[in-house]
Amino acid sequence: MDFFKEKDQQWFVEAVSLLKVAKNVGTPTYVYSKAALIAQWQAFDNAFQEHPHQVNYAVKANSNLAVLNTLAKLGSGFDIVSGGELARVLKAGGDPKRIIFSGVGKTYAEISEALQAGVGCMNVESEAELKRINDIATHLQKKATIAIRVNPDVDAKSHPYISTGLKENKFGVAINEAKRLYILAKSLPHLQIQGIAFHIGSQILSVAPFVKALQKILALIQFLNDQHISISHLNVGGGLGVRYQNETPPSPTEYVTALLSHIKDPKLTIHVEPGRAISANAGVLLTRVEYIKESSNQDKPFAIVDAGMNDLLRPALYQAWQDIVPITKDPAIQPRTYDIVGPVCETADFLGKDRSLALQEGTVLMIHSAGAYGFSMSSNYNARPRAAEVMVDGDSFYVVRKRENIADLYHLESLLTPS
Ligand code: LLP
């Protein structure tokens, strides 16, 4: 179902006009569709049919409380990677027992907060971390439920910055090391082995790398069973890609069905951790053209907009392509080829290159597929207050994060001497 649609020369999210949002809230503003978030989460959940499973939304993709709360109400689990994400999920009403804590650098404080909150599973990424979790659990007189994150050494065929399952990547432990660590974990009194996990990367466009990794991990589960180490859940990570331009990623159903076809044990609970596939296409970023800058140095003009790489980093960091469309149509303006750039003082500050668009000063544009890794990767670089966030629910919209103001930029700072 299409939650973003054009009607009468104007773009709508559900029943709300984006022009109205831009007029009321200003720009730059992220706008999310609640219905789209729900539909994508349910697509994963329904795909499992009767097979025991847990869909853990990857909080890093978009950690706005309203987004998390929307998914928590559906019974979602959550994949977190920091104490900050833990606090957000709890604040948004997430069930601690359905939280999975991943990440290579968990601090003492983060581990102890997670154990005290009663998170469902700690995904361990090294021997040192395994011992640290056991020490902290001993101190707290608790038993920590763990899975070991295994690096299956599979090429996800994605951008090198978002591939995580190759042996040269910092994530997880090699299969042979995992065998040793499970035996060690079994001997540590404050650890309870429950699962096994992998995550090979992000924006993966075919099921083949997932299946390849899965087969290696299923063989490892068999080995562990033979050692009387029982594994009750298998976490296959996130990483399912989405359509930004003309990619044709598998649907959640195709992806889950492909995985399940290799899993013979009907009692093995499968966890998935989609982030992008749930929220990317549930959000857009609204930005306004400040200037049309004609350039005698190159054959095309620049459209300078009020959102920059500090608001949406993906084009600058990964050379990512995201569709850019004016939210209103004015037949009087002729399309031209533009580079769409932000106001930040970096040459990498572009949002799109060579886009044929009908623009003038004041045109409001929407940047598609911005609901994942958009606001969550934004910063205050160039002392720019961060954008507002809005969620649309049917025919109403809500500001779910106010635009930062100038005082927010330095309210934590102080001078050397009292002024
Ligand atoms: N689970 C783990 C352990 C992860 O590290 C990640 C993402 C996910 C799940 C969710 O992956 P997803 O389903 O969203 O692909 N900033 C980059 C993406 C970085 C992904 C990092 N890990 C981007 O904008 O493309």
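Given the structure is predicted, the values throughout are model-derived calculations rather than measurements. Whatever order the structure lists them in is the order used to number ligands and atoms, beginning at 1.
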For Asp79, the ligand 1 atoms whose distance to one of its heavy atoms is below 4.0 Å:
1 (N), 2 (C), 9 (C)
Does Tyr338 have Lys300 sitting over its ring (NZ/CZ under 6.0 Å from centre, angle to axis within 45°)?
no
Under 4.0 Å from one or more heavy atoms of Arg276, ligand 1 contributes atoms 12 (P), 13 (O), 14 (O), 18 (C), 23 (C), 25 (O)
Any side-chain donor-acceptor pair under 3.5 Å between Asp45 and His53?
yes
Tell me which part of His199 gets within contact of ligand 1: side chain, backbone, both or neither, using heavy atoms under 4.0 Å.
side chain
Exactly one of Lys143, Lys142, Lys186 clears side-chain contact (heavy atoms from CB on, under 4.5 Å) with Gln192, and that residue is Lys143
Mutual orientation of the aromatic rings belonging to Phe78 and Tyr57 [parallel < 30°, tilted 30-60°, perpendicular > 60°]:
perpendicular
Does any N/O atom on Gly275 come nearer than 3.5 Å to any N/O atom on ligand 1?
yes
So which bit of Glu273 gets within less than 4.0 Å of ligand 1, heavy atoms only: side chain, backbone, both or neither?
both
Are Ala61 and ligand 1 in contact, using a heavy-atom cut-off of under 4.0 Å?
no
Check this for me - ligand 1, Gly239, N or O atoms closer than 3.5 angstrom, yes or no?
yes
Is a donor from one side chain sitting under 3.5 angstrom from an acceptor on the other, for Tyr381 and Glu346?
yes
Could you tell me which atoms of ligand 1, counted from 1 in the order shown, lie closer than 4.0 angstrom to a heavy atom of Pro274?
13 (O)
Any idea which atoms of ligand 1 are less than 4.0 Å away from a heavy-atom of Ala58?
8 (C), 9 (C), 10 (C)
Looking only at distance, does Arg149 have an N or O less than 3.5 Å from an N or O of ligand 1?
no
Return the set of residues passing side-chain contact (heavy atoms from CB on, under 4.5 Å) with Leu220 (not counting sequence neighbours), or none when no residue passes.
Val150, Ile175, Ala178, Lys179, Ile196, Phe223, Leu224
Which of the atoms in ligand 1, numbered in the order shown and given with their element, are less than 4.0 Å from a heavy-atom of Arg314?
23 (C), 24 (O), 25 (O)
Any N/O pair Ser102/ligand 1 closer than 3.5 Å
no
From Glu129 CD over to Ile111 CD1, what is the distance, rounded to the nearest 0.5 angstrom?
5.5 Å
Using heavy atoms and a 4.0 Å limit, tell me yes or no: is Ala372 in contact with ligand 1?
no
Could you grab the distance from atom OG1 of Thr27 to atom CG of Leu286, nearest 0.5 Å is fine?
7.5 Å
Table please: side-chain donor-acceptor pairs of residues 361-371 below 3.5 Å, with sequence neighbours left out.
| unit_1 | atom_1 | unit_2 | atom_2 | d |
| --- | --- | --- | --- | --- |
| Thr363 | OG1 | Gln360 | N | 3.0 |
| Thr363 | OG1 | Gln360 | O | 2.8 |
| Ser369 | OG | Asn281 | OD1 | 2.7 |

Using the side-chain hydrogen bond (donor to acceptor under 3.5 Å, both in side chains) rule, take Ser202 and Arg276 through it: C-alpha gap first, then chi angles, then the decisive distance, then the call.
CA-CA 8 Å; Ser202 200; Arg276 187 191 315 266; 2.8 Å; yes
Could you tell me whether Ser202 approaches ligand 1 through its side chain, its backbone, both or neither, with non-hydrogen atoms closer than 4.0 Å?
both
Would you kindly specify which portion of Phe171 sits under 4.0 Å from ligand 1, judged on non-hydrogen atoms: side chain, backbone, both or neither?
neither
